[in-house]
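A quick write-up on the structure given underneath.
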Amino acid sequence: MKIIILTLFKEMYDSFLSSSIIARAISKKLVEIKLVNFRDYTKDKYHRVDTPPTGGGAGLILKCQPIYDALINNSSSKTHKIVLTPRGKTFNQEKAIELSKLDEILILCGHYEGIDERLYKYFDEEISIGDFILTGGETASFCLIDAITRLIPGVISDESTSLESFDNNLLEYPQYTEPYEFNGDKIPDLLYSGNHKEIEKYHQYQRLIQTKKYRPDLFAKYKLTKGDIKLFKEKEENNITKSEKDAMKKASKFMKNN
């Protein structure tokens, strides 16, 4: 995959692109990152790329010409063009998966008070990473690059991405490390059992209850399978105390005899 970044601050990417999984993906040639400073395309004799908004208003607006020329000279018909903007659709794992399957994407990092409205029609998609304000689109682009790159086959193991948070609208199940007991908290004994079928069921149940507890909005979108419903019933039965079970048996026997 090729990712092209249109930015005014290429130096912000130095550390990001030379660290961790991103650096590995680049070294393996699984992803190519091209940084383009769109100031290089300005025709303004003072090399300006911004100007006060027409009609008045606060701040500065990025001008059409430098961005348009940078866009045209660094993309093709196969390039999926993205502009990062607060009015865009909120980025999520589903979108990351979709974008990771493309051959080439371009991301425009806005700055100041935004871009000239007439530029939007030259992009395929508008994306936001959330309802908060950033100084510029560079840090937002880090999120997209990271989320997309790690999904490209070969960047990390398939096992690492098979059951992650937000997969199918569920959070990931809780994970543990040695020692067995820490400050009185113990690792669930089932995880030492070697019974992979039961551990798998436990993990799925934990994904369900973690999502229901912490992200009810996601849980509302998730469609319970027959297996999930069976899991809930099993856990409910297992959580009933012995005295409660005895009481239920007695009540059942009484009902049959009367």
Side-chain angles (χ1 to χ4, degrees), residues 1-38 70 74-75 78-86 88-111 125-179 182 187 191 203 206-207 210-211 214-215 218:
M1 169 183 273
K2 184 176 183 179
I3 302 176
I4 305 153
I5 309 293
L6 302 189
T7 174
L8 291 174
F9 302 96
K10 291 170 64 174
E11 65 276 7
M12 290 182 67
Y13 293 85
D14 291 345
S15 176
F16 174 68
L17 297 179
S18 60
S19 305
S20 191
I21 290 171
I22 305 297
R24 251 183 301 167
I26 294 171
S27 67
K28 289 181 178 179
K29 300 189 184 304
L30 295 172
V31 63
E32 175 189 352
I33 308 290
K34 181 180 180 182
L35 299 174
V36 178
N37 188 336
F38 56 84
N74 292 281
S75 64
K78 71 174 184 179
T79 310
H80 186 74
K81 306 170 188 69
I82 299 167
V83 56
L84 294 170
T85 169
K89 185 176 180 181
T90 304
F91 186 65
N92 57 23
Q93 187 67 9
E94 184 180 357
K95 176 56 65 175
I97 293 170
E98 178 186 323
L99 294 175
S100 72
K101 297 175 181 178
L102 301 178
D103 292 327
E104 185 170 299
I105 64 173
L106 178 146
I107 302 171
L108 169 64
C109 301
H111 218 73
E125 190 169 15
E126 299 170 28
I127 289 178
S128 166
I129 64 164
D131 297 337
F132 51 90
I133 306 300
L134 295 171
T135 304
E138 284 74 21
T139 45
S141 76
F142 293 171
C143 297
L144 267 70
I145 295 169
D146 190 290
I148 294 166
T149 299
R150 65 191 308 280
L151 293 170
I152 297 172
V155 173
I156 58 178
S157 68
D158 293 339
E159 185 180 0
S160 295
T161 59
S162 61
L163 283 176
E164 295 188 305
S165 291
F166 309 117
D167 176 49
N168 201 19
N169 289 318
L170 292 180
L171 298 180
E172 192 171 5
Y173 50 81
Q175 302 273 23
Y176 301 91
T177 61
E178 296 292 346
F182 178 77
I187 296 174
L191 299 181
H203 282 162
Q206 288 298 320
R207 295 188 80 200
Q210 291 282 321
T211 308
Y214 294 108
R215 290 296 303 273
L218 290 178

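We're numbering straight along the sequence, starting at 1. The model shown is predicted, which means the values in this text are computed figures rather than measured ones. Basis for what follows: all heavy atoms, side chains included, without hydrogens, waters or symmetry-related copies.
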Euclidean distance, [Y] [atom2] relative to [X] [atom1], rounded to 0.5 Å:
| X | Y | atom1 | atom2 | value |
| --- | --- | --- | --- | --- |
| N37 | L35 | CG | CG | 9.5 Å |
| F38 | N74 | CZ | CG | 12.0 Å |
| I82 | T79 | CD1 | OG1 | 11.0 Å |
| L6 | K34 | CG | NZ | 9.5 Å |
| I22 | D146 | CD1 | CG | 4.5 Å |
| I148 | I97 | CD1 | CD1 | 11.5 Å |

Under 3.5 Å donor-acceptor, R207 side chain and L171 backbone
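Yes: the side chain of R207 pairs with the backbone of L171.
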Expected output: side-chain S18 to main-chain S15 donor-acceptor under 3.5 Å:
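Yes, because the side chain of S18 sits within donor-acceptor range (under 3.5 Å) of the backbone of S15.
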Minimum heavy-atom distance between [X] and [Y], given as atom pair plus value:
| X | Y | answer |
| --- | --- | --- |
| P174 | Q210 | CG-NE2, 3.6 Å |
| Y173 | Q206 | CB-CB, 3.9 Å |
| C109 | I5 | SG-CG2, 3.8 Å |
| L17 | I26 | O-CD1, 3.7 Å |
| F91 | L99 | CE1-CD1, 4.1 Å |

Beyond-backbone contact of [X] with [Y], side-chain heavy atoms, under 4.5 angstrom:
| X | Y | result |
| --- | --- | --- |
| L144 | I105 | no |
| V31 | V155 | no |
| R24 | T149 | no |

Could you walk me through whether H203 and L191 pass the side-chain contact (heavy atoms from CB on, under 4.5 Å) check?
CA-CA 10 Å; H203 282 162; L191 299 181; 3.9 Å; yes
Above 12 or not: heavy atoms from other molecules or residues under 6.0 Å from CZ of F182?
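Counting other residues, nucleotides and ligands, CZ of F182 stays at 12 neighbours or fewer.
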Expected list for residues 125-141: side-chain donor-acceptor pairs under 3.5 angstrom, two or more places apart:
{"residue": "E125", "atom": "OE1", "partner": "H80", "partner atom": "NE2", "Å": "2.8"}
{"residue": "E125", "atom": "OE2", "partner": "K95", "partner atom": "NZ", "Å": "2.5"}
{"residue": "E126", "atom": "OE1", "partner": "R87", "partner atom": "NE", "Å": "2.8"}
{"residue": "S128", "atom": "OG", "partner": "G130", "partner atom": "N", "Å": "3.1"}
{"residue": "S128", "atom": "OG", "partner": "G130", "partner atom": "O", "Å": "3.2"}
{"residue": "E138", "atom": "OE2", "partner": "T7", "partner atom": "OG1", "Å": "2.6"}
{"residue": "S141", "atom": "OG", "partner": "Y13", "partner atom": "OH", "Å": "2.7"}
{"residue": "S141", "atom": "OG", "partner": "E138", "partner atom": "O", "Å": "2.6"}

